[in-house]
Amino acid sequence: MRPKDQERAIEEVVSRVVNAAATAGGQQLEAAIADTIYHERQRVQKERPSKERSRQLATWDRTRSRLLAGSDTTRRAILRELVEAFAREVLGNFDERVHALATRAIPVGLTALLRATSPFQLIRWRPGRSKMRLEQHLTVDGELDHVRAIASKGTLICAPTHSSNLDSILLGFGMHEQGFPPLLYGAGLNLFENPLMSFFMHNLGAYKVDRRKTAPIYKDVLKTYATVSLELGYDNLFFPGGTRARSGEVEKKLKLGLLGTGLQAYANNLRSGNPKPNLYVVPMVLSYELVLEAETLIDDYLREIGRSRYIITDDEFSSPRRILAFLRGLLDLNTRIHLTLMPPLDVFGNRVDREGRSVDGRGREIAIDRYLRSRDGELTVDRNRDQEYTRELGCRLVDAYHAGNTVLPTHLVAFAVFEELKRLNPGMDLYRLLRTGGAAESLTYPEAARKVDALRDRVVALSDAGKIRLGEAVRTKRGEELLVTALRAFGTYHSRPALERLGDRIFSRDRNLLFYYRNRLVGYRLEEEATS
Amino acid sequence: MSDRPGRVGVLGGGSWGTILAHLAAQCGSETVLWMRNAERVEELNTHRTNRRYLGETPLADGLRATTDMEEAVGPADLVIFAIPSKAFREQAGRAGEFVTGDQVLLSATKGLEPDSFNRMSEVLCQETCARKVGAISGPNLAKEIVAGQPSATVVASRFREVIQVGASMLHGANFRIYGNEDVRGVELAGALKNVVAIASGTAKGLGFGANVRALLVTRGLAEIQRLGVKLGADPLTYSGLAGIGDLMVTCGSELSRNFRVGLGLAAGQPLDRILDDLGETAEGVNTTKVALALAQREDVPLPIMESVSRLLFEGATPQEVMRDLMTRRARYEIDFDYSAEV
């Protein structure tokens, strides 16, 4: 955020959060503060003993004493201090000049990062490949012109699917390459741990989100900051899925809290008479042939603790060596990562035309401010109504994610083979199948190629109906070629390949991983066809 | 909303649309009923009757009819769609010309769209810009309501405002409104019970009594619930007015159109003649096809509805169908996936 806006944003966030809590009344105010102290103490107590930990605990104890002894005025002051501290911590040091530098530096920077963190790898880095040509491996496609046409008519909320911690970096880079202004986004603290990565994160517009902080007030600060920045015209990046999709599926359930800030900002814009009140939500889909953290994510999912353990700090992203191996695989394979922009929506989920106007299913223009007005034209506040509007937006985003998903050979082959293994082991539950592989744990090569080809036909039909997109390989190649391509990809990066050819048969060396890549095609009713 | 009287637009001048408009006008709302037939508009505005559907029953004074859709939709705070499911999408799309985001829309049509399997409230969302959408459904025989007999219905929407507006504009001395957030469950119950009503009419026509009716109502409800829950409905909805309530009425009264279709089938009449004689839409006939296609997709067994389909479209006789139903394998009664045989 620009320095002149930064102070203003902090002031806005503080006054809004404090006022909201204060209008709820004295007891509520006390409860909100006590709750924050409780959550923060809990968090600090989990840390390793240190001077800093003791200092923090002492600070919270003092705050608690002040709260117990204090008047209403004191309580308000305490709340203000807490909120301001949270707000200052969250705000990024965004600087447009540094951003320009950072985006130019990213392709080289990722290389530098890897070199800096691993001298051993530096020696082995091939001279001809000293410059990462990221742009050659990232395809940005879809509604680029459409989004460009409306970008100046309102504020953008980029809402991508979330598979990997590389998402935000690739997305920030991809959008910059396409000439879009920088995006503001909240990123988990773990992404800032590596100093160089932290540099890019900050300067691509990231602000810090500490997911260990569970106090409701902290979450209010985050949401209010997003709202204020949208009102100030900063394009934002939200991951509506919340965290990376553990199962590998395209998101079907979204977290609506952050998404709802778009509607809130629009309502505030109407009230304040903002000359450019509109916000445009751009559904984006990132499709990877291989996912950096696939092994950790699917294991987490299968352990059924995906939800409780939603901060993974020890995954592949924290190991520079794994990132290097992944990027090498990417270069050697000459695969592409697809970033697909889907048709933009308004905050109510309606389509937006190239003039930035909302239109209904028949293309008729909609006066969207009326969604927030009574029949007499008054702007009204209605939480349930607004939640439902955002839920509808979420449903339309999910549809767009499915339609914008690009089928790549690894997805197609994993799906065909996995479904066939399921069919060969009837009645076996998923976990047993994954653990043991079942009685029939391999397919003949020609049979696998035939299954892949049959599934490809189904996927092509879906694509013709606009329900999915096809990567170039899937569009142009047939069964056996696709099988070869996928086997090659599976063999390059993961420690144990999801699929491997031994003689005339195809085996899975890591069924969890096979399941993960297979899941990318869940939600299209392809299951029956694949096994028929 | 301000203190001015509410404005209601009702689309569809069949018996249910006319009754809803009549109830809204009785509640003090300025009510405009849209229908295509200019003569009946004239009749209603001059004589305050809709003889074709409701005989000589006098309709409320505040009710006005029109053939101009904009007049009914444009000024309305609440727009109710009571249009046969076959024409629903087209008319909803036309109404969409005049709908704005601050209006509340309710579907009063109990049907499902073929192929897409859309519920009518979904069609409203697709064909108009409205978001505040819901459905009205329950045990409501038009002729009893217009005779001033007490009755109750469900207004279902995820928007509390929709339920409030529906209640404030329709709730009267003899007509109670209950709210429900489970729109999906309420709409599916309303549509699917029409299929069971055909079976019930057939049983009645064959001379069977109360035992068979109770059998069809309870096992029919089990089918409706099974499919509904598979599609995400709340199971509790089926013990309410829109579930068992509506089914009891439709399966037991000769005032029900779908029940009368069943009577005709039992008498050996061909389907097209039955429908001609009825003079009104029997949604159950179309819904049977849609329900079975949906059940196939979702892998849900619906033996009673399958039998109705054989009766309607495959030339099976009522006797054959009844025999087949009664000789199916014995099963456990409370079994949500219908897999446990005795």
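A, B, ... follow the sequence lines: proteins, then strands. Residue 1 opens every chain.
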Colleague: Test A/Leu279 against every option in A/Val352, A/Asn269, A/Leu156 by the side-chain contact (heavy atoms from CB on, under 4.5 Å) rule and name the one that passes.
Modeller: A/Asn269

Colleague: Which residue, A/Arg525, A/Arg520, A/Arg518, forms the side-chain contact (heavy atoms from CB on, under 4.5 Å) with A/Val522?
Modeller: A/Arg518

Colleague: Any ion pair linking A/Glu420 and A/Lys451 (charged N to carboxylate O, less than 4.0 Å)?
Modeller: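 Here A/Lys451 pairs with A/Glu420 in a salt bridge, since their nearest N and O are under 4.0 Å apart.
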
Colleague: For B/Gln126, is it the side chain, the backbone, both or neither that has a heavy atom under 4.5 Å from a heavy atom of chain A?
Modeller: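 Answer is backbone: N, CA, C or O of B/Gln126 sit under 4.5 Å from chain A.
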
Colleague: Against chain B, label A/Arg396 side chain, backbone, both or neither, depending on which of its atoms sit under 4.5 Å from a heavy atom there.
Modeller: side chain

Colleague: Can you tell me which portion of A/Asn350 sits under 4.5 Å from chain B's heavy atoms? Options are side chain, backbone, both or neither.
Modeller: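 Its backbone and side chain both get close to chain B.
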
Colleague: So do the side chains of A/Phe418 and A/Leu434 get within less than 4.5 Å of each other, counting heavy atoms only?
Modeller: yes

Colleague: Name the region of A/Glu388, side chain, backbone, both or neither, that has any atom closer than 4.5 Å to a heavy atom of chain B.
Modeller: both

Colleague: Is there a donor in the side chain of B/Thr237 and an acceptor in the side chain of B/Asp182, or the other way round, less than 3.5 Å apart?
Modeller: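 There is such a pair between these side chains.
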
Colleague: Please check: side-chain N/O of A/Tyr371 versus main-chain N/O of A/Tyr389, any donor-acceptor pairing under 3.5 Å?
Modeller: no

Colleague: Identify which of B/Ala130, B/Gly96, B/Cys125 forms the greatest number of heavy-atom pairs closer than 4.5 Å to chain A.
Modeller: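 Heavy-atom pair counts peak at B/Gly96.
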
Colleague: Give the member of B/Arg131, B/Arg297, B/Glu97 that has the highest number of heavy-atom pairs under 4.5 Å with chain A.
Modeller: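 Among B/Arg131, B/Arg297, B/Glu97, the one with the most close pairs to chain A is B/Arg131.
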
Colleague: Counting only heavy atoms closer than 4.5 Å, note whether A/Arg364 contacts chain B via side chain, backbone, both or neither.
Modeller: side chain

